[in-house]
Amino acid sequence: MSSTVNEKTITKVPLIDLKRQYRSMKEELNSAIQDVLESQAFILGPQVKEFEDLFASYCNTNHAIGVSSGTDALLLALKSLGIGDGDEVITTPFTFFATVEAICNVGAKPVFADIDPETYNIRPDLIEKSISKRTKAIIPVHLYGQCADMDQILEIAKKNNLRVIEDSAQAVGAEYRGKKAGSMGDLGCFSFFPSKNLGGMGDGGMVTCNSEELEELIHMLRIHGGRPKNYHASLGINGRLDTIQASILIKKLGHLDDWCDKRRQKASYYTEKLKELDLVTPKVMSFNKHAFHLYVIRVKERDGLMEHLKANNIGCAVYYPVPQHLQECLADLGHKEGDMPETEMAAKETLALPVFPEITEEEQDYVIESVKDFFSS
Ligand SMILES: Cc1ncc(COP(=O)(O)O)c(C=O)c1O
């Protein structure tokens, strides 16, 4: 099948195409990288601090600390709060593995609360039911670019004296009741993995916070925990943001709002055109500004549709096929199928369609026609 528009025939659509963004700002990015090469200041060069300041101001937080990845952002956030052996951290089982991995890597136990089947985000009422004497923190994940219900989560946290770390890896540019993702909890964690809404050219991450004490701690922990250098009162990691990545991200940050607007427009186009079909389009809560890192539909015959789209050269993917409570390496937690029914169902029925700022209407039409074709055959 094909979609012909202006005599151009579309026969394939990638899930994401990073080359288009690179080409649109090639000179700017090449020159930023060249500046770092000339300076040879690869480790914590001045661009890192410059980007941290710009990012804190973008998120409306007092501080931002550049780190090596979203995974290390979570690890450092947990370490800075002193969470470790014997502690419990409540999170969602419907997330990328890194959220849970970070909890385990500080020695704490992940405790799962199931999701809302409409937004795919953690359910605050189930968080409340999962609190024990050992609970120290909650990590809501703003999945696919839509914030979890932060007011309720923050209220529960306050009532129970718990800390909140927002896993905003997929939500840079998203807003909840006018507040930026990553600015509402004690700490916000971001990823600049290349395919993210704000993507580097390698790994990178950021932790945001308002507390000066936490900012100082994370700065220290990201350089092995030494203060002064070579004197270690605490164990840290090598978790700095790379200067080349910072120089690239400074240039890209200025485009972020425009890119998120475009993602929202592309998402609305899909939603409008797919609404009559036997599938569920993403639900955006009225108080949220969705950043549409991913455009995820829900369909009973998910695997059949995925095969059909792939046969038509359309990139699509499942985020995430294995609920985290059922991961093999977490078998010791003793979970079984049926423990988190909404997550387990979502893992079987959800599918991400191609969405990125540069995707064309013709490409979207090809995807839409292909989805329609699946339902009519
Ligand atoms: C929800 C979530 N948390 C954490 C991470 C980890 O980020 P990174 O890949 O930068 O380590 C990701 C990355 O995909 C993510 O999607």
Side-chain angles (χ1 to χ4, degrees), residues 1-33 69-70 96 143-145 169-174 190-204 244-245 247-274 281-282 290-297 305-320 350-371 373-374:
M1 55 158 292
S2 66
S3 151
T4 308
V5 182
N6 297 337
E7 287 156 28
K8 254 182 79 189
T9 305
I10 306 283
T11 54
K12 64 174 184 186
V13 183
L15 183 59
I16 181 167
D17 183 355
L18 296 176
K19 286 184 190 153
R20 296 184 204 180
Q21 188 186 82
Y22 175 57
R23 282 193 209 111
S24 75
M25 47 187 313
K26 190 170 176 166
E27 270 79 52
E28 218 184 333
L29 293 174
N30 286 0
S31 137
I33 295 168
S69 67
F96 179 58
L143 202 71
Y144 305 148
Q170 301 185 6
V172 65
F190 294 86
S191 163
F192 305 125
F193 186 83
S195 61
K196 293 290 196 279
N197 287 21
L198 180 64
M201 294 187 178
D203 281 309
I244 290 183
Q245 298 310 323
S247 76
I248 291 161
L249 292 162
I250 288 169
K251 300 293 175 200
K252 288 195 174 189
L253 185 61
H255 297 276
L256 179 60
D257 283 340
D258 176 47
W259 289 336
C260 287
D261 280 345
K262 292 207 167 91
R263 283 175 178 274
R264 277 188 283 274
Q265 283 161 22
K266 314 287 175 185
S268 301
Y269 190 72
Y270 274 139
T271 295
E272 177 59 28
K273 301 278 174 170
L274 296 174
T281 53
H290 201 312
F292 279 104
H293 169 55
L294 296 170
Y295 184 89
V296 175
I297 57 168
L305 175 60
M306 185 158 62
E307 233 170 81
H308 178 78
L309 295 180
K310 286 192 169 159
N312 285 299
N313 300 313
I314 293 170
C316 53
V318 177
Y319 299 88
Y320 294 92
T350 48
L351 186 65
L353 301 181
V355 75
F356 48 97
E358 303 82 9
I359 193 172
T360 64
E361 196 168 301
E362 291 77 24
E363 287 174 316
Q364 284 197 279
D365 285 340
Y366 179 67
V367 176
I368 291 157
E369 286 313 310
S370 189
V371 174
D373 185 51
F374 172 77

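Atom set for the values below is all heavy atoms of this structure, side chains included, hydrogens, waters and symmetry mates excluded. Sequential numbering from 1 along the given sequence is applied to the chain's residues.
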Side-chain (Asn197) to main-chain (Ala291) donor-acceptor, under 3.5 angstrom: yes
Residue pair Ile314 / Tyr366, side-chain heavy-atom distance below 4.5 Å: yes
Close side-chain approach of Met201 and Ile244, heavy atoms under 4.5 Å: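 No - every pair of side-chain heavy atoms lies 4.5 Å or more apart.
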Which residues share a ring pair (Phe, Tyr, Trp, His ring centres under 6.0 Å) with His290, sequence neighbours left out: Phe292
Please report the closest heavy-atom contact between [X] and [Y], naming both atoms and the distance.
| X | Y | answer |
| --- | --- | --- |
| Tyr144 | Tyr320 | OH-N, 4.5 Å |
| Pro14 | Pro354 | O-CB, 3.2 Å |
| Val172 | Cys260 | O-SG, 3.9 Å |
| Ile359 | Val13 | CD1-CG1, 4.0 Å |
| Asp17 | Lys19 | OD1-N, 3.0 Å |
| Tyr269 | Ile368 | CE2-CD1, 3.8 Å |

Can you tell me how far apart [atom1] ([X]) and [atom2] ([Y]) are? Round to the nearest 0.5 Å.
| X | Y | atom1 | atom2 | answer |
| --- | --- | --- | --- | --- |
| Thr360 | Ile10 | OG1 | CD1 | 5.0 Å |
| Glu361 | Glu363 | CD | CD | 11.5 Å |
| Leu294 | Leu15 | CG | CG | 7.5 Å |
| Glu369 | Lys273 | CD | NZ | 9.0 Å |

Given Val367 and Gln364, is the side chain to side chain contact (heavy atoms under 4.5 Å, CB included) satisfied, shown in steps? CA-CA 5 Å; Val367 176; Gln364 284 197 279; 5.6 Å; no
For Lys262, enumerate each residue passing the salt bridge (charged side-chain N to carboxylate O under 4.0 Å, His left out) test, keeping only those at least two apart in sequence or located in another chain. Asp258
Assess whether side chain to side chain contact (heavy atoms under 4.5 Å, CB included) is satisfied between Lys252 and Phe192, documenting all intermediate values. CA-CA 11 Å; Lys252 288 195 174 189; Phe192 305 125; over 6 Å; no
Going by atom types alone, do Thr281 and Tyr295 pair a side-chain donor with an acceptor below 3.5 Å? no
Show me, pair by pair, the donor-acceptor contacts under 3.5 angstrom made by side chains of residues 22-29, not counting sequence neighbours?
| from | atom 1 | to | atom 2 | distance (Å) |
| --- | --- | --- | --- | --- |
| Tyr22 | OH | Asn30 | OD1 | 2.6 |
| Tyr22 | OH | Asn30 | ND2 | 3.4 |
| Ser24 | OG | Gln21 | O | 2.7 |

Given Leu143 and Tyr319, is the side chain to side chain contact (heavy atoms under 4.5 Å, CB included) satisfied, shown in steps? CA-CA 10 Å; Leu143 202 71; Tyr319 299 88; over 6 Å; no
